[in-house]
Student: 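Shown below is the structure under consideration.
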Protein chains: 2
Amino acid sequence: MIDVRRLEALVALRRTGTVSAAAAQLHYGQPTISHHLRRLEVETGSVLLQRVGRGLRLTPDGERLARRGEEILALLARAEAELTASTSLQAGQVRLAAFPSAAATLVPAAVALLVERHPGLGLDLIEAEPPEAAAMLRAGTADIALTFAYPGQAEPDGVTAVTVHEDALYLVAPGSLDPGAGPVDLARFADTRWVTGCERCRSELLALCSKAGFEPRIAYASDDYVAVQSLVASGLGVTVLPGLALRAHRNPDVVRLPVPGAARRIQVTTYGAPPHPASVDAVAAVLTEVAGASES
Amino acid sequence: MIDVRRLEALVALRRTGTVSAAAAQLHYGQPTISHHLRRLEVETGSVLLQRVGRGLRLTPDGERLARRGEEILALLARAEAELTASTSLQAGQVRLAAFPSAAATLVPAAVALLVERHPGLGLDLIEAEPPEAAAMLRAGTADIALTFAYPGQAEPDGVTAVTVHEDALYLVAPGSLDPGAGPVDLARFADTRWVTGCERCRSELLALCSKAGFEPRIAYASDDYVAVQSLVASGLGVTVLPGLALRAHRNPDVVRLPVPGAARRIQVTTYGAPPHPASVDAVAAVLTEVAGASES
DNA sequence: CTAAATCATCGACAACATCGATATAACGGC
DNA sequence: GCCGTTATATCGATGTTGTCGATGATTTAG
């Protein structure tokens, strides 16, 4: 393989016309360039130069090689610049996987902060539930993810999840219901019909009800937090939804009552261990910040 | 500037998936690849790789850089192959400057020999008189030249001329002339009108006549050896033409008589001193051969 | 839990890029 | 024609670094 430093010497010679000038341009000593040119000829077994007077001239072969070399050096410089831009957060694209209610609440705020802080950084948003998101991280389809986990849940393998927010759970009931005073006792709804929120929340709902001493009668199920609230508003049952889902959409005909001690953890999840690319760290930072600011 | 060897390691890693396999593919030891990858990350200040299990994975930045690197390495290989092809005479283009009568006689024969010997070598023919040809060599517009020189003429500066043929001069007279016996005595035409051949030959003609004891009365002049012969055939005068010109074109209505001891040297002329590019040497060889074979 | 596989690290050696000093050659002016 | 200037080539010395073998750390598979 042709040594690029020697090519560089040849290109500089072609541009400047003399070895000394080429050396100056490359910040080298004159013997260094002389040496590289000689080695380039020996190593390729070609005649690239011809002495003329006290200078040098490129042969047709030398000319052609120098032209190719110029192109190659330009590509190298381009690749380096591209990488530097990405490293210094002036460019790049980060693929973020997020679950629906976060995509509608935290992500827009994070994007706003990101464009303000790093205008060159782009963000591709992919909606995905936590297990799917972890799989995408492992597969390299996403670079970072927003996930959630219920208490006691082990985090998926191979990824690093950092909790950035405690997302309280609320009992959601028809607007006609009297909220009453003090904390909610789920047992009060033991005989009501239930709607499950997202699919993963079903097991958490069962655990909460079991702790309250009953088993809920589940009449309807949907992943869609808008649809679920509509069902509740129509008086078809009650449900439990996390705060983020209620912040994303709030049906005016439902009331929400905090369920004491019930919450899910919102996590910023990345693949493998640090260090991560600067762009990923930057996105993680804005996500953490935005999630922290929503503690209230 | 990014070191190409490190890039090569990254590309090989991307292709093979593991450092060990990449090392094997590049005929290196495994620590060498490990080292190059680490240095590449340090030197560019980027995160290009991520440990996963007992293997490595490329980050998006690493992926992009590897793709660029693949392209760059391909270009390098292409440039090298191109150069090798030229060096081994499988390709290339040589620009040959030749004076008209040689272009019509020696050059076609040389081209025939060249295509037989090196089918990949191409030849660009440029018609040029010797001084012009030498200038083209100096200017880099031609790579090799066929020139001629009259006895005692110094060869132009900066070029190397090798005589490959003695080209005898002939007195050319109208066909009606009785050739007579024995060598020609130019003095016999002292009172005839003269036509000069090519422009450069005028001084040689004057010298020959002067040696014969008279000064020719020059009625017409032309560079064109076909036109000159027409003039002579029409009985407008006599002239002196070199053998090559007569071989290129022979007007049936003229007779030619050798002028004893009068000749020009046909030369293969190159720029500067050896070594010359292999393609130039190859063209010089066929020219020399063809010119030598025409000695008769 | 053991064995195989993989990458990282370390120390050592050889190769080589680079430089300063100097030799050699060519141009320009007087 | 001689001499200062301007080129490149060469040489010896030195510091850097590419490369390897051996070894350690970690993970996967059986």
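Each chain gets a letter, A, B and so on, in the order its sequence line appears, and its residues count up from 1.
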Student: For the pair made of CD in A/Gln50 and C1' in D/dT8, what is the distance, rounded to whole Å?
Tutor: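 From A/Gln50 CD to D/dT8 C1': 15 Å.
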Student: Using the side chain to side chain contact (heavy atoms under 4.5 Å, CB included) rule, take A/Val283 and A/Leu123 through it: C-alpha gap first, then chi angles, then the decisive distance, then the call.
Tutor: CA-CA 9 Å; A/Val283 173; A/Leu123 203 144; 4.1 Å; yes
Student: The criterion is salt bridge (charged side-chain N to carboxylate O under 4.0 Å, His left out); which residues satisfy it with B/Arg95, sequence neighbours excluded?
Tutor: B/Asp143
Student: Under 4.0 Å from any atom of DNA chain D, heavy atoms only: list the residues of residues 28-38 of chain A that qualify, in numerical order.
Tutor: A/Gln30, A/Pro31, A/Ser34, A/Arg38
Student: Figure out the CG/P separation between A/Asp3 and D/dT17, and round it to whole Å.
Tutor: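 My rounded result for the distance is 15 Å.
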Student: At their closest point, which heavy atom of B/Ala291 faces which heavy atom of B/Leu106, and how far apart are they?
Tutor: CA-CD2, 4.1 Å
Student: Under 3.5 Å, is there a donor-acceptor pair between the B/Gln50 and B/Thr59 side chains?
Tutor: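 B/Thr59 and B/Gln50 do not have a side-chain donor-acceptor pair below 3.5 Å.
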Student: Look at the side-chain N and O atoms of A/Arg39 and state whether any lies under 4.0 Å from the OP1 or OP2 oxygen of C/dC16.
Tutor: no
Student: Just the rounded figure in Å: distance from P of D/dT10 to CD of A/Glu41.
Tutor: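 For the pair A/Glu41 CD and D/dT10 P, the rounded distance is 11 Å.
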Student: Nearest-Å distance, CG (A/Leu10) to P (D/dT8)?
Tutor: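 Spelled out: CG on A/Leu10 to P on D/dT8 is 14 Å.
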Student: Expressed in angstrom and rounded to an integer, what is the separation of B/Glu43 atom CD from D/dT16 atom C1'?
Tutor: 12 Å
Student: Can you work out whether B/Thr18 or A/His27 has the more 5'-proximal nearest nucleotide on DNA chain C?
Tutor: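 Result of the comparison: B/Thr18.
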Student: With axes from five pairs an end, tell me the bend angle of the helix from C/dC1-D/dG30 to C/dC30-D/dG1, nearest 10°.
Tutor: 30°
Student: Under a plain distance cut-off of 3.5 Å, with no hydrogens placed, do A/Asp61 and A/Ser46 share a side-chain donor-acceptor pair?
Tutor: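 No, A/Asp61 and A/Ser46 have no side-chain donor paired with an acceptor closer than 3.5 Å.
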Student: With 3.5 Å as the limit, what N/O pairs link the protein to nucleotides 26-30 of chain C?
Tutor:
none

Student: Can you tell me how far C1' of C/dT18 sits from CG of A/Leu26, to the nearest Å?
Tutor: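 Answer to the nearest Å: 13 Å.
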Student: Between B/Leu121 and B/Leu89, which heavy-atom pair has the shortest distance, and what is it?
Tutor: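 In this case the closest contact between B/Leu121 and B/Leu89 is CD1-CD2, 4.0 Å.
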Student: Hey, could you give me each pair passing ring-ring contact (aromatic ring centres under 6.0 Å, His included) that has a residue in residues 52-100 of chain B? Not counting sequence neighbours.
Tutor: B/Phe99-B/Phe148
Student: Taking NZ, NE, NH1 and NH2 as the nitrogens, is one of them in B/Arg264 or B/Glu204 under 4.0 Å from a carboxylate oxygen of the other?
Tutor: no
Student: Measure from NZ or CZ of B/Arg5 to the centre of the six-membered ring of B/Tyr28 and say whether it is under 6.0 Å with the direction within 45° of the ring axis.
Tutor: no
Student: Roughly how many Å is it from CG in A/Leu40 to C1' in C/dC16, rounded to a whole number?
Tutor: 16 Å
Student: Taking OP1 and OP2 of D/dT8, is either one under 4.0 Å from a side-chain nitrogen or oxygen of A/Ser20?
Tutor: yes
Student: Which pair of non-hydrogen atoms, one from A/Ile126 and one from A/Thr141, has the smallest distance, and what is that distance?
Tutor: CD1-O, 4.1 Å
Student: Considering residues at least two apart in sequence or located in another chain, which fulfil the side chain to side chain donor-acceptor pair (under 3.5 Å) criterion with A/Glu71?
Tutor: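 In terms of side chain to side chain donor-acceptor pair (under 3.5 Å), with neighbours along the sequence ignored, A/Glu71 is linked to no residue.
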